[in-house]
> 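Dumping the structure here so I can ask a few things about it.
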Amino acid sequence: MLAPRLTGRRIIAVQFFARRVLRGRPRQVAARLEGTTVQAVRRHGKFIVIELDGGLVLTLHLGMTGTLLWDAAPGPHTRAVFRFPHGRLLFDDPRQFGRIELGDSLPERVTRLGPDALSISPEDFAGRLRQRRGIIKPVLLNQTVLRGLGNIYTDEALFRARIHPRAIAARLRAERLRRLHGAIQEVLHAAVRAGGSSISDYVDAEGRQGLFQFEHRVYGRTGEPCSVCATPIRRIVVAQRGTHYCPRCQRL
DNA sequence: ATCGGTACCTGCACGC
DNA sequence: TGCGTGCAGGTACCGA
């Protein structure tokens with residue numbers, strides 16, 4: 001866990017190695033960070049928010065391939081190193097879709113996001129989805145509607161709620177919306193418990209793999225029998241994202 | 001204001 | 001073996 005490890009600790013030195021991962025100038029950002037103490041570490045949807053002295057806020061996003069590693073050896077994909085008295089935090093990211101940003105407050109791109117998927121009430125959830133025109137999957141992926149859901153967990157939640165990924169969001173009945181809200185909670189809690197999904201080589205800060213991929217019921221299981229009805233899981237493309245579902249359990 | 005499509009990157013699995 | 005292709009836990013930006 002990052003929070004207990006970093007909270008109360010002083011950043012001694014910072015180095016950036018990436019062209020596009022850091023928003024801002026490397027030397028400038030490093031200079032502002034060095035000597036500050038971590039006050040708190042929070043999650044805001046998919047963003048990691050590190051609060052520092054004097055209201056400084058360091059915001060991290062891991063993108064698709066980012067990893068935070070504690071006391072690991074820097075490698076070719078190390079984009080930033082934060083040195084502490086008791087060790088160092090590495091930001092590794094092969095594809096450089098991750099972002100690091102330092103500011104005097106949470107950036108607007110972060111504050112404007114919708115309520116967190118893990119704390120939204122069923123009523124607020126239903127209200128927000130009913131306001132949307134589009135199909136359900138891209139709506140769930142839209143972080144300004146709801147923050148925290150990505151491609152894997154959206155597919156998994158829709159399967160558990162028995163809703164087709166192309167269903168029209170605004171037309172879902174109240175009962176189905178309640179089921180979807182519950183499925184999202186279930187999937188996210190189970191994923192957190194299992195340490196996330198290690199699809200290729202994803203690991204936590206300690207280098208441990210997640211185990212939730214073994215609990216995936218549709219994601220990455222194209223052609224395998226559905227765990228409920230044995231119909232082969234199908235893969236389609238929705239909103240340019242690979243989408244996995246059971247054609248029998250999830251009807252339009 | 002909200003959409004769908006595209007761009008941004010690199011690595012890997014697969015088929016020929 | 002080597003090469004081309006398609007695919008990948010995401011977001012930002014473009015024009016419609």
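Hydrogens, waters and symmetry mates play no part in the numbers below; they use all other heavy atoms, side chains included. Chain letters run A, B, ... following the sequence lines, proteins first, then strands; residues in each count from 1.
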> If I pick the P atom on dC3(C) and the same atom on dC9(B), what distance separates them, to the nearest angstrom?
24 Å
> Counting only non-hydrogen atoms, which of residues 162-172 of chain A are less than 4.0 Å from DNA chain C?
none
> Can you check the R235(A) CZ to dG6(C) C1' distance for me, whole Å?
9 Å
> Kindly assign one of parallel, tilted or perpendicular to the pair F16(A) and F82(A), based on the angle between their ring planes and the thresholds 30° and 60°.
perpendicular
> Suppose we screen for salt bridge (Lys or Arg N to Asp or Glu O under 4.0 Å). Which residues come up paired with D116(A), at least two apart in sequence or across chains?
R43(A), R147(A)
> Please collect all salt bridge (Lys or Arg N to Asp or Glu O under 4.0 Å) contacts where either partner lies in residues 203-223 of chain A, sequence neighbours excluded, each pair once.
R5(A)-E206(A), D204(A)-R208(A), E206(A)-R208(A), R221(A)-E224(A)
> Out of Q250(A), R160(A), K137(A), which residue meets the side chain to side chain donor-acceptor pair (under 3.5 Å) rule with D155(A)?
K137(A)
> Could you tell me if the side chain of I236(A) sits less than 4.5 Å from the side chain of R166(A), heavy atoms only?
yes
> Does any residue of residues 140-158 of chain A have a heavy atom under 4.0 Å from DNA chain C, and if so, which ones, in number order?
Q143(A), G150(A), N151(A), I152(A)
> More than 12 heavy atoms of other residues, nucleotides or ligands under 6.0 Å from CZ of R162(A): is that the case?
no
> Rounded to the nearest Å, what distance is computed from the CZ atom of residue R241(A) to the C1' atom of nucleotide dC7(C)?
11 Å
> Along nucleotides 6-13 of chain B, 5' to 3', which nucleotides get a B, which get an S, and which get a -, given that the test is a protein heavy-atom distance under 4.0 Å?
B-BBBS--
> Rounded to whole angstrom units, what separation is found between the CD1 atom of I135(A) and the P atom of dG4(B)?
7 Å
> Counting only heavy atoms not in R10(A) (residues, nucleotides, ligands), do more than 12 fall under 6.0 Å from its CZ?
no
> Only pairs at least two apart or in different chains count here, so list each salt bridge (Lys or Arg N to Asp or Glu O under 4.0 Å) that has a residue in residues 190-199 of chain A.
none
> Enumerate the ring-ring contact (aromatic ring centres under 6.0 Å, His included) contacts for residues 98-123 of chain A, please, sequence neighbours excluded, ordered by first and then second residue.
none
> Does any non-hydrogen side-chain atom of L129(A) lie less than 4.5 Å from one of V145(A)?
yes
> Among L252(A), L140(A), L180(A), which residue meets the side chain to side chain contact (heavy atoms under 4.5 Å, CB included) test with I163(A)?
L180(A)
> Whole Å only: how far is the CD1 atom of I236(A) from the C1' atom of dC7(C)?
16 Å
> List the atom pairs, with distances to 0.1 Å, where a side-chain N or O of residues 60-69 of chain A and a protein N or O form a donor-acceptor pair under 3.5 Å, not counting sequence neighbours.
from	atom 1	to	atom 2	distance (Å)
H61(A)	ND1	G63(A)	N	2.8
T65(A)	OG1	D93(A)	OD1	2.5
T65(A)	OG1	R95(A)	N	3.2

> State, yes or no, whether a side-chain contact exists between P247(A) and T231(A) at a heavy-atom distance under 4.5 Å.
yes
> May I ask you to evaluate whether R132(A) reaches the phosphate of dC3(B), defined as a side-chain N or O under 4.0 Å from OP1 or OP2?
yes
> Output the pairing pattern of DNA chain B as a dot-bracket string, 5' first, Watson-Crick or G-U wobble with both distances under 3.5 Å, | for cross-strand pairs, [ ] for crossing pairs.
.|||||||.|||||||
> In whole Å, what is the span from the CZ atom of R133(A) to the P atom of dA16(C)?
19 Å
> Keeping to residues at least two apart or across chains, list the salt bridge (Lys or Arg N to Asp or Glu O under 4.0 Å) pairs with something in residues 229-247 of chain A.
none
> Counting side-chain heavy atoms from CB outward, which of dA12(C), dA8(C), dG10(C) is closest to Y219(A)?
dA8(C)
> Where along residues 208-218 of chain A does a heavy atom fall under 4.0 Å from DNA chain C?
none
> Scan residues 149-191 of chain A for pairs that pass ring-ring contact (aromatic ring centres under 6.0 Å, His included), counting only residues two or more places apart or in two chains.
F125(A)-H181(A), Y153(A)-F212(A), H164(A)-Y245(A)
> Using 0.5 Å steps for rounding, measure from the CZ atom of R42(A) to the OG1 atom of T59(A).
9.0 Å
